[in-house]
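Quick notes on the structure that follows.
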Amino acid sequence: MLKRFGPDERIGPVNRFAGFAAVVIVAVLCAVAAAFDGGWWWFFTAVFVALSALGVHDVIQTHHAILRNYPVLGHIRFFFEKIRPEIRQYFLEGDQDEEPFSREDRSIVYQRAKNEEGARPFGTKQKVYEGGYSWMTHSIAPTHLDRNDFRVRIGGPDCKQPYDASLYNVSAMSFGSLSGAAIEAINKGARMGGFAQDTGEGGISKYHRHGGDLIWEIGSGYFGCRNNETGRFDPDKFLAQIEDPQIKMVELKLSQGAKPGHGGMLPAAKITEEIAEARGVPREVDCVSPAGHAEFSTPIEMCEFIGRLRELSGGKPIGFKLCIGHRREFMCIVKAMIQTGIYPDFIVVDGTEGGTGAAPMEFANHVGMPLTEGLSFVHNVLRGADIRDRIRIGASGKLIHAYDIARAFAMGADWCNSARGFMFSVGCIQAQACHTNHCPTGVTTQDPLRQRALVVPEKSVRVANFHRNTMRALAEMTGAAGLDDPRDFLPYHFMKREGDGDMVEASDVWTYLPMGFLVRDVGFDDEVFRRRWNRAGAQSFKPPEPDGRTQTKADAGTPAEAAE
């Protein structure tokens with residue numbers, strides 16, 4: 001017995017049960033004192049008896065080895081583990097540490113949302129001579145822009161109701177992921193600032209209906225236009241929604257940056273009456289979002305579905321969003337556009353660094369293409385197919401500063417979206433408790449008491465302030481570069497320092513490839529693009545089978561038979 005409960009030789013003279021024994025002894029002493037003197041001793045007796053009971057429970061429970069070996073004291077470890085993110089954020093984190101947004105990034109959003117001065121004294125904190133540092137080249141003859149409400153018209157030749165969108169809008173965030181208070185504050189802010197809010201795939205809730213322009217995102221669950229018996233698209237429900245003039249565009253979601261290629265399921269127990277109303281689903285059944293769409297399985301069918309949505313909508317802009325995965329598959333869609341003559345009005349490129357909702361770690365960290373590579377690729381494929389002029393490109397993925405936005409325009413974007421930037425503007429503190437329903441600021445919770453902390457009238461003004469001040473900063477950067485419009489930024493306006501200290505111009509990395517080089521002879525070709533383009537087909541997303549066989553690892557050995 002002594003050997004069992006005595007000092008652990010592997011960790012020195014510390015007794016593993018010393019804490020447990022101490023609280024038991026103190027409990028006994030307090031009980032004796034209480035029996036003679038009463039008063040506060042009964043309170044201390046109750047406290048230490050409770051701790052003693054906790055120690056007994058720790059010893060006999062089977063879930064945590066630490067608590068079995070260190071009853072009572074072991075809870076200190078779990079306590080500090082629980083508050084570790086807060087300790088790191090408030091006391092240890094540097095201004096430049098990205099977790100995933102740095103303190104500097106968050107601070108500039110908070111300042112702009114509150115209309116506070118964002119200037120910094122004493123120079124940059126960036127390490128300008130280390131690899132990875134990037135900067136914008138400026139002009140000796142800057143221009144002065146007395147406006148900052150920049151707009152882009154979205155709508156191709158087949159669009160009857162084009163939309164003049166702000167160059168900076170709210171990216172997709174669903175009601176359910178965000179609280180009703182946060183959705184309402186963002187929508188009211190969008191109305192004040194004249195920009196658009198993407199609904200996310202969770203449908204249009206009553207909190208979205210406060211006058212702000214909406215981009216209705218339709219995912220694989222078809223929420224808001226879903227046949228609940230089949231789980232497929234219901235045109236009658238779509239018609240009932242799309243007639244609302246508040247809905248300016250429709251975005252078909254193929255994939256998202258946080259978890260591309262991954263579906264989801266909302267258990268019936270978590271479906272509230274409001275969520276069921278927004279999604280148009282019954283409360284008593286699990287709500288499933290498949291990984292892929294049921295309305296199409298080939299590139300041609302996808303284009304035909306886009307055409308169907310355009311017809312049903314009365315000619316509103318119709319587009320799709322994706323995070324680039326297999327590059328050949330995007331080329332399949334482009335070939336289907338050319339073959340069917342059905343072109344989307346816009347494409348939103350979501351980088352894998354995006355994502356407001358919870359996602360499996362492997363997907364969040366290692367699945368999908370980052371924004372700059374994905375955006376540059378989409379831009380050049382559309383150029384190569386000679387259809388870039390009829391399709392607008394949106395970009396989404398950690399774009400919260402004017403510099404981020406300007407660089408995205410240089411990479412080929414026509415407008416930018418931000419989700420987490422606008423979350424910060426309504427009070428998000430990056431507690432990263434979004435999936436726990438315990439958000440400390442009421443932004444990502446359905447708990448009514450926690451939501452009460454988010455005061456909609458005040459936060460909606462901050463949303464509008466953040467947008468306006470960010471656009472003002474973008475106008476100033478545009479003028480500093482000697483340009484008249486932010487969309488005039490080109491890759492050569494940006495430079496980056498390589499790991500060896502050398503400077504490289506962005507145009508040497510993110511080159512604009514010639515118009516039409518994929519569909520006609522322009523005296524230029526690119527082996528990487530050409531190989532994938534030749535393997536892409538409008539009839540199927542699957543790669544062609546070599547020699548009539550299913551592709552194997554052995555087949556993938558030669559360039560001609562590469563899966564991409």
Lys206/Glu274 salt bridge by N-O under 4.0 Å criterion: yes
Ion pair Glu217/Lys321, N-O distance below 4.0 Å: yes
Shortest non-hydrogen separation from Ala165 to Asn169 and the atoms involved: CB-ND2, 4.3 Å
Asn228: side-chain contact (heavy atoms from CB on, under 4.5 Å) partners, not counting sequence neighbours: Arg226, Lys237, Val281, Pro282
Side chain to side chain donor-acceptor pair (under 3.5 Å) evaluation trace for Tyr222 with His293: CA-CA 9 Å; Tyr222 305 108; His293 280 264; 2.9 Å; yes
Listed partners of Ala181 passing side-chain contact (heavy atoms from CB on, under 4.5 Å), at least two apart: Ser179, Gln451, Leu454, Val456
Any Val426 side-chain heavy atom under 4.5 Å of Arg462 side chain: no
Distance in Å, Glu273 CD paired with Ile275 CD1, rounded so as to fall on 0.5 Å steps: 11.5 Å
Basic-acidic side-chain contact under 4.0 Å: Arg472, Glu476: no
Separation between CG of Asp414 and NE2 of His379, rounded to the nearest 0.5 Å: 9.0 Å
Side-chain heavy atoms of Gln61 within contact of Leu67, under 4.5 Å: yes
Test ring pair (Phe, Tyr, Trp, His ring centres under 6.0 Å) applied to Trp135 - qualifying residues, sequence neighbours left out: Tyr133
Whether Lys114 side chain and Phe466 backbone form a donor-acceptor pair below 3.5 Å: no
Check: Val170 main-chain N/O paired with Ser418 side-chain donor or acceptor under 3.5 Å: no
Shortest non-hydrogen contact from Gly427 toward Val443: C-CG2, 4.3 Å
Donor-acceptor contact below 3.5 Å, side chain Asp105 vs main chain Phe101: no
Arg392 atom CZ: more than 12 heavy-atom contacts under 6.0 Å: yes
Any residue meeting side-chain hydrogen bond (donor to acceptor under 3.5 Å, both in side chains) with Trp415, in chain and number order, not counting sequence neighbours: Asn417
Residue list, side-chain contact (heavy atoms from CB on, under 4.5 Å) with Lys496, at least two apart or on another chain: Ser134, Val504
Salt bridge (Lys or Arg N to Asp or Glu O under 4.0 Å) involving Asp58 - partner list, sequence neighbours excluded: none
Residue pair Leu214 / Lys248, side-chain heavy-atom distance below 4.5 Å: no
Residue list, salt bridge (Lys or Arg N to Asp or Glu O under 4.0 Å) with Arg468, at least two apart or on another chain: none
Worked check of side-chain contact (heavy atoms from CB on, under 4.5 Å) between Leu474 and Asn148: CA-CA 8 Å; Leu474 179 62; Asn148 54 57; over 6 Å; no
Heavy-atom pair with the smallest gap, counting every atom of Tyr110 and Cys428: OH-O, 2.6 Å
Ile429 side chain reached by Pro440 side chain, heavy atoms, under 4.5 Å: yes
Worked verdict on Phe494 versus Phe489 for ring pair (Phe, Tyr, Trp, His ring centres under 6.0 Å): CA-CA 9 Å; Phe494 295 86; Phe489 277 110; 5.7 Å; yes
Separation between CG of Asp350 and CG of Leu322, rounded to the nearest 0.5 Å: 8.5 Å
Side-chain touch Asp198/Glu251, heavy atoms, less than 4.5 angstrom: yes
Those residues that, when tested against Ser166, pass side-chain hydrogen bond (donor to acceptor under 3.5 Å, both in side chains) (two or more places apart): His467
Test log, rule side-chain contact (heavy atoms from CB on, under 4.5 Å), inputs Met471 and Leu167: CA-CA 8 Å; Met471 295 302 289; Leu167 296 191; 4.0 Å; yes
Side-chain donor/acceptor of Gln446 to backbone N/O of Gly176, under 3.5 Å: yes
Backbone of Pro457 reached by a side-chain donor or acceptor of Ser460 within 3.5 Å: yes
Flag side-chain contact, heavy atom, 4.5 Å: Phe330 against Ile347: yes
Euclidean distance, Ser174 OG relative to Ile183 CD1, rounded to 0.5 Å: 7.5 Å
Reported CE-to-CE distance for the pair Met477 and Met136, which is rounded to 0.5 angstrom: 4.5 Å
More than 12 heavy atoms from other groups under 6.0 Å of CZ on Arg452: no
Chi angles and distances behind the side-chain contact (heavy atoms from CB on, under 4.5 Å) call for Leu178, Ile186: CA-CA 10 Å; Leu178 261 60; Ile186 291 173; 4.0 Å; yes
All side-chain hydrogen bond (donor to acceptor under 3.5 Å, both in side chains) counterparts of Ser171, not counting sequence neighbours: Ser396
Those residues that, when tested against Arg151, pass salt bridge (Lys or Arg N to Asp or Glu O under 4.0 Å) (two or more places apart): Asp149
Residue pairs passing the salt bridge (charged side-chain N to carboxylate O under 4.0 Å, His left out) test where at least one lies in residues 163-173, sequence neighbours excluded: Arg153-Asp164
Pairwise side-chain contact, Val349 with Leu371, heavy-atom cut-off 4.5 Å (strictly under): yes
Arg68 side chain vs Val59 backbone, donor-acceptor pair below 3.5 Å: yes
Lys253: side-chain hydrogen bond (donor to acceptor under 3.5 Å, both in side chains) partners, not counting sequence neighbours: Glu201, Gln256
Plane angle bin for Trp216 and Phe238 - parallel if under 30°, tilted between 30 and 60°, otherwise perpendicular: parallel
Flag, side chain of Ser177 to backbone of Met173, donor-acceptor distance under 3.5 Å: no
Sub-4.5 Å side-chain heavy-atom contact between Val348 and Ile215: no
N/O donor-acceptor pair under 3.5 Å between Asn187 side chain and Glu184 backbone: no
Aromatic plane relationship, Tyr168 with Phe422 - under 30° parallel, 30 to 60° tilted, over 60° perpendicular: tilted
From Ser220 atom OG to Leu254 atom CG, the distance as rounded to the nearest 0.5 Å: 10.0 Å
Arg77 side chain vs Ile66 backbone, donor-acceptor pair below 3.5 Å: no
Any donor-acceptor N/O pair, Arg450 side chain to His438 backbone, under 3.5 Å: yes
Test side-chain contact (heavy atoms from CB on, under 4.5 Å) applied to Ile204 and Gln241, step by step: CA-CA 9 Å; Ile204 305 173; Gln241 293 263 33; 4.0 Å; yes
